[in-house]
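The structure under discussion appears below in the form of structure tokens.
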Amino acid sequence: MSQMMNVDLSVDSAMNLIEKAIIEGSFTGQKIGGYILPCGDKKCEVAVFEKHYYRAGNRLTLTVTVDDFGSYTRVALTGGGGGEGLFRFDWGASDNFENTVTEALSEYIVNR
């Protein structure tokens, strides 16, 4: 599943809250990669996080894209890698991973 929201924060502040929620809020959460694309006084930052979920039986990834190209800072989330078998059923772990970010940014969300 994917989510997108607008927040009333800078790109840096939003990404700092996201990293704190995923990395400091978990024993297994870690940032495994990222990229910053500057564009004048605007920018886009992409980060990939990984976390082990016992209910999914493996590690899941969460790709987070944060940019300030519009009126607000936009945050896009896409979870993946979870599940077992042909149908990749992950027992809700991907949604839970995405919701970690949504909860961390909840007081700054201005429009979903």
Side-chain angles (χ1 to χ4, degrees):
M1 190 169 133
S2 295
Q3 294 185 36
M4 188 172 298
M5 67 197 83
N6 293 322
V7 295
D8 193 16
L9 290 167
S10 69
V11 172
D12 292 335
S13 295
M15 194 58 80
N16 286 338
L17 284 173
I18 292 166
E19 287 185 19
K20 182 176 181 180
I22 293 172
I23 296 170
E24 292 180 19
S26 166
F27 290 116
T28 62
Q30 62 181 336
K31 183 175 180 179
I32 60 172
Y35 182 76
I36 298 174
L37 174 66
C39 186
D41 62 341
K42 304 282 187 178
K43 74 174 168 179
C44 175
E45 185 169 351
V46 179
V48 180
F49 297 92
E50 185 179 67
K51 183 176 178 181
H52 185 268
Y53 276 85
Y54 290 101
R55 77 179 112 156
N58 61 8
R59 299 185 70 79
L60 277 71
T61 62
L62 182 65
T63 302
V64 179
T65 305
V66 182
D67 73 71
D68 59 358
F69 297 148
S71 302
Y72 290 100
T73 298
R74 180 175 40 197
V75 179
L77 311 169
T78 304
E84 41 184 279
L86 181 63
F87 300 106
R88 299 184 324 207
F89 187 70
D90 69 6
W91 302 99
S94 293
D95 289 340
N96 183 265
F97 204 177
E98 291 176 14
N99 288 338
T100 300
V101 173
T102 304
E103 289 171 15
L105 300 175
S106 64
E107 68 183 272
Y108 305 102
I109 296 173
V110 292
N111 183 16
R112 284 193 180 193

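Owing to the predicted nature of the structure, the values given are computational and were not obtained by experimental measurement.
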#### Entry: Within one Ile-Leu-Val-Met-Phe-Trp-Tyr cluster: Leu17 and Ile22, side-chain cutoff 4.5 Å
yes
Group every Ile, Leu, Val, Met, Phe, Trp and Tyr by side-chain heavy-atom contacts under 4.5 Å, then state whether Ile23 and Val11 land in the same group.
yes
For Ala76 and Met4, the nearest pair of non-hydrogen atoms, with its separation, is CB-CE, 3.9 Å
Between Lys31 and Ala47 the two heavy atoms that sit nearest each other are CE-CB, 3.8 Å
Between [Y] and [X], is there a side-chain heavy-atom distance shorter than 4.5 Å?
X: Val101; Y: Phe49; result: no
X: Leu60; Y: Leu62; result: no
X: Leu77; Y: Met5; result: yes
X: Ser13; Y: Tyr108; result: no

Note to self: For a side chain to side chain contact (heavy atoms under 4.5 Å, CB included) check, start with the C-alpha distance between Glu45 and Val64, then their side-chain angles and the critical distance, and finish with the verdict.
What the structure shows: CA-CA 8 Å; Glu45 185 169 351; Val64 179; over 6 Å; no
Between Tyr72 and the options Ile109, Val110, Val7, Leu9, the side-chain contact (heavy atoms from CB on, under 4.5 Å) test singles out Val110
Per side-chain contact (heavy atoms from CB on, under 4.5 Å), Met15 is matched among Thr73, Val66, Val75, Val46 by Val66
| Asp68 side chain to Lys43 main-chain N or O, any donor-acceptor pair under 3.5 Å? | yes
Output for pair (Leu37 CG, Lys42 NZ), nearest 0.5 Å, gives 13.5 Å
